[in-house]
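Below, chain A is the first sequence line, B the second, and so on; all start at residue 1.
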Amino acid sequence: MSRIYALVDCNSFYVSCERVFDPSLEGKPVVVLSNNDGCAVSRSTEAKKWIPMGAPIHKHTKDVILHDIKCFSSNYTLYSDMSARVMSVLNKFTPDIEIYSIDEAFLSLKGFERRDLQEYGEEIRKTVLKWTGIPVSVGIGETKTLAKVANRVAKKMPELGGVFSIYNNPKRDEILSRIDVSDIWGIGRAYTRLLKSNGIYSALELKNTADTFIRKRMTVVGYRTALELRGTSCIEIENVEPEKKEILRSRSFGHDVFELNELREAVSMHASRAGEKLRQQNSVARYISVFLKTNKYKDGPQYNNSMGTYLPEPTSYTPDFIKTAHMLLDNLYKPGYRYKKAGVMLAEICPDNAVQLNLFYTSRNLAGHMEIMDAMDEINMVWGRDTIKYASSGIKKPWAMKRNMVSPRYTTNWNELPITKAS
DNA sequence: TCTGGGGTCCTAGGACCC
DNA sequence: TCTGGGGTCCTAGGACCC
């Protein structure tokens with residue numbers, strides 16, 4: 001029984017989102033920055049010449065000015081909404097879909113063996129572009145890893161029109177011989193170094209490497225990658241999103257922070273956001289930890305530490321998280337450092353219904369707590385984030401991250417809708 | 001001045017038990 | 001005196017992904 005996978009990947013996704021609502025950006029070098037306006041995380045084709053992926057933008061100020069590169073702070077509200085639109089279009093092609101990241105999805109095309117896959121890929125591409133304005137590339141293959149390879153080929157060679165199928169392709173080995181091992185899904189920096197120092201440079205060479213070597217040096221994970229290159233599918237489509245086992249919330253500060261008070265505000269905000277995420281998946285957590293970091297890129301004394309503890313019982317009640325996180329932070333905090341980042345992690349997560357029986361017998365009014373949480377989540381969902389929030393999260397937030405070049409929330413906020421000119 | 005954030009999986013090795 | 005061997009659980013750290 002053969003399988004067929006398609007990988008649909010949005011081209012320069014964040015940049016494409018910005019362009020949908022501001023067509024004047026078309027054909028120009030555009031860059032979207034990470035939180036705090038730090039690194040370039042999405043670049044248009046035109047910008048790639050000057051700005052490497054992940055580069056700190058402040059190191060490229062000259063290029064930005066010289067080539068008039070348009071820079072944007074990241075606007076996740078907009079990108080998440082556009083992502084949902086793209087995914088819902090893909091869903092119309094097959095319900096057998098795995099949303100792999102904000103800009104990528106795997107589709108199972110089992111049963112499509114006799115169709116012209118190239119043509120089908122083009123139909124997907126055209127439909128997504130027409131209905132959402134987002135350009136995508138489509139790669140098709142016998143396994144997810146081969147679909148990834150095909151997608152890469154589609155992206156690298158614009159003359160293919162954004163679609164490439166390696167499925168049953170008689171030239172498969174020739175294509176694999178031109179793919180660098182570092183470009184294979186699952187092969188990162190460390191494995192690239194290992195493979196190249198053993199004379200394995202291309203995907204074809206990895207495909208033909210002895211199992212014993214791969215298993216010993218790259219664990220079963222690497223072995224699965226090799227099998228997938230050979231056409232044996234080992235990594236299945238995951239239709240339902242698995243529940244998170246850990247939830248981490250953290251941010252760098254816009255400015256260095258010295259005071260415990262400000263750190264307490266930031267930690268309080270992270271704890272309440274982590275709680276929101278936890279409740280979204282109807283779970284409770286038993287373990288919480290807090291971490292604190294100075295700026296590793298700066299000279300001066302460094303401090304990097306974390307502390308965690310078990311909660312008296314599994315919970316999703318934000319005030320419990322805030323209280324415990326503050327206690328941990330108070331123990332963690334040392335005066336005299338320039339702090340750059342703080343975060344809160346929830347772990348030992350399980351579904352809330354798995355513990356409900358026990359909770360009925362606790363002394364606390366759990367039902368009442370949950371009603372409060374539900375009400376707050378509901379209000380914040382309808383009226384926007386932080387309509388209701390905890391006073392301990394601060395009002396002025398001097399530590400908040402920088403977002404100096406953010407575009408409007410075109411699709412999710414009535415006050416920021418795009419305006420069409422009446423002639 | 002300015003360097004992202006959020007995850008998962010696997011293994012090795014220590015602690016401990018019988 | 002003899003200091004084995006099998007097993008589980010936990011944690012830290014390394015690898016990867018977008």
Side-chain angles (χ1 to χ4, degrees), chain A residues 7-14 31-42 51-62 64 71-76 79-80 83 98-106 144-145 148 151-152 181-195 214-225 228 234-235 238 241-256 266 270 273-274 277-278 280-281 287 289 291 293-299 306 308 310 338 340-349 401-405:
Chain A
L7 174 68
V8 181
D9 185 318
C10 302
N11 301 346
S12 311
F13 181 55
Y14 301 163
V31 158
V32 174
L33 304 174
S34 62
N35 283 325
N36 255 325
D37 296 341
C39 309
V41 290
S42 179
I51 312 292
M53 187 60 180
I57 199 68
H58 74 265
K59 287 195 173 168
H60 297 271
T61 320
K62 248 197 223 160
V64 169
C71 295
F72 289 87
S73 304
S74 43
N75 182 347
Y76 282 100
Y79 310 150
S80 305
S83 172
E98 173 185 340
I99 298 172
Y100 180 66
S101 74
I102 194 165
D103 70 336
E104 270 177 70
F106 286 103
K144 281 178 160 181
T145 305
K148 275 269 193 184
N151 189 284
R152 190 164 185 91
V181 282
S182 65
D183 291 332
I184 301 168
W185 189 42
I187 307 296
R189 274 210 321 272
Y191 284 159
T192 297
R193 208 176 322 123
L194 170 75
L195 289 169
I214 297 174
R215 292 204 68 142
K216 188 156 171 235
R217 306 293 295 274
M218 303 167 70
T219 81
V220 301
V221 183
Y223 183 54
R224 279 200 284 259
T225 299
E228 287 237 324
C234 308
I235 311 168
E238 285 181 30
E241 194 184 341
E243 311 228 302
K244 301 258 175 288
K245 298 169 183 171
E246 289 174 354
I247 291 173
L248 183 86
R249 205 53 177 50
S250 74
R251 283 286 180 278
S252 305
F253 305 126
H255 304 279
D256 290 345
H270 293 324
R273 289 265 199 276
K277 270 206 242 173
L278 183 70
Q280 264 167 30
Q281 65 168 43
Y287 186 83
S289 70
F291 71 82
K293 287 176 187 221
T294 47
N295 190 341
K296 64 180 170 186
Y297 297 102
K298 269 188 187 162
D299 295 336
S306 74
Y310 282 90
R338 307 165 69 94
K340 182 61 185 170
K341 187 173 178 179
V344 171
M345 188 179 81
L346 303 176
E348 308 251 332
I349 290 171
M401 69 177 184
K402 272 188 273 186
R403 286 177 94 207
N404 293 332
M405 298 163 273

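- Contact annotation: A/K341 side-chain N/O to B/dG6 OP1/OP2 distance is not under 4.0 Å.
- For the pair A/R403 (side chain) and A/S74 (backbone), a donor-acceptor distance under 3.5 Å is present.
- Ring geometry for A/Y287 against A/Y310 counts as perpendicular: the plane angle is over 60°, on a 0 to 90° scale with 30° as the lower cut.
- At a threshold of 4.0 Å, the pair A/K144-A/E238 does not count as salt-bridged, since none of the basic side-chain nitrogens sits closer than that to a carboxylate oxygen.
- A/K293 has its NZ atom 11 Å from the P atom of B/dG6, to the nearest Å.
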Check your understanding: A/L346 and A/K244: side chain to side chain contact (heavy atoms under 4.5 Å, CB included), yes or no, with the steps?
Key -> CA-CA 10 Å; A/L346 303 176; A/K244 301 258 175 288; over 6 Å; no
Just the atom pairs and distances: protein N or O near nucleotides 13-15 of chain C's N or O, under 3.5 Å.
none

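- Distance from the side chain of A/K245 is smallest to B/dT8 among B/dT11, C/dC18, B/dT8.
- In DNA chain B, stems built from 3 or more consecutive Watson-Crick or G-U wobble pairs, each with both distances under 3.5 Å, span B:5-18 with C:5-18.
- Atom CH2 of residue A/W185 and atom OG1 of residue A/T145 lie 5.5 Å apart, to the nearest 0.5 angstrom.
- What separates CD of A/E98 from P of B/dT8 is a distance of 14 Å, to the nearest Å.
- When the C1' atom of B/dC10 is taken as reference, atom CD1 of A/I235 falls 14 Å away, rounded to whole Å.
- Comparing atom distances between the A/V221 side chain and each of B/dG5, B/dC10, B/dG7 picks out B/dC10 as nearest.
- Nucleotides C/dG4 and B/dC16 have their C1' atoms positioned 16 Å apart, rounded to a whole Å.
- Note on A/I184: only backbone sugar-phosphate atoms sit closer than 4.0 angstrom, heavy atoms only; bases stay farther off.
- Note on A/N295: a side-chain N or O is less than 4.0 Å away from OP1 or OP2 of B/dT3.
- Counting heavy atoms from C-beta on, the side chains of A/L248 and A/M345 come closer than 4.5 Å.
- A/I57 comes within contact range of no nucleotide atom at all, as no heavy-atom separation falls under 4.0 Å.
- Atom pair A/K148:NZ and C/dC17:P shows a separation of 9 Å (rounding to whole Å applied).
- Counting non-hydrogen atoms under 4.0 angstrom, A/I247 reaches the backbone sugars and phosphates but no base.
- OP1 or OP2 of C/dC17 has not a single side-chain nitrogen or oxygen of A/K144 nearer than 4.0 Å.
- One atom, NZ of A/K296, and another, P of B/dG4, lie 7 Å apart when rounded to the nearest Å.
- Toward the 5' end of DNA chain B, the nearer of the two residues A/D256 and A/N35, judged by each one's closest nucleotide, is A/D256.
- Between the side chain of A/K340 and the main chain of A/F253, a donor-acceptor pair closer than 3.5 Å is present.
- Residue A/D103 places its side chain closer to C/dC18 than to any other of B/dG4, C/dC18, B/dC10.
- Comparing C/dC18, B/dT8, B/dG6 against the side chain of A/Y100 picks out C/dC18 as the nearest.
- A/K59 has its NZ atom 11 Å from the P atom of B/dG4, to the nearest Å.
- In terms of modelled atom types and a separation under 3.5 Å, the side chain of A/S34 and the main chain of A/C39 share a donor-acceptor contact.
- Rounded to an integer number of Å, the gap from CD1 of A/I214 to C1' of B/dC10 is 17 Å.
- Across B/dC9, B/dT3, B/dG7, the shortest atom-to-atom separation from the side chain of A/R224 is found for B/dC9.
- The residue among A/V41 and A/T219 whose nearest nucleotide of DNA chain B is located toward the 5' end is A/V41.
- Here the side chain of A/H58 is nearest to one of C/dC18, B/dG5, B/dT3, namely B/dT3.
- By the side chain to side chain contact (heavy atoms under 4.5 Å, CB included) test, A/R224 pairs with A/V220, A/V221, A/C234, sequence neighbours left out.
- Rounded to whole Å, the distance from CD on A/E246 to P on B/dG6 is 12 Å.
- For A/K298, taking side-chain heavy atoms from C-beta onward, the closest of the listed nucleotides B/dT8, B/dT1, B/dG6 is B/dT1.
- A/N151 places a side-chain N or O within 3.5 Å of a backbone atom of A/L7 that can act as its donor or acceptor partner.
- Side-chain nitrogen and oxygen atoms of A/S250 include at least one within less than 4.0 Å of the OP1 or OP2 phosphate oxygen of B/dG6.
- In this structure, the side chain of A/S83 engages the main chain of A/I102 through a donor-acceptor pair within 3.5 Å.
- Of the candidate nucleotides B/dG5, C/dC18, B/dT8, B/dG5 has the atom nearest to the side chain of A/S252.
- Side-chain proximity of A/K277 to B/dG7, B/dG4, B/dC10: nearest is B/dG7.
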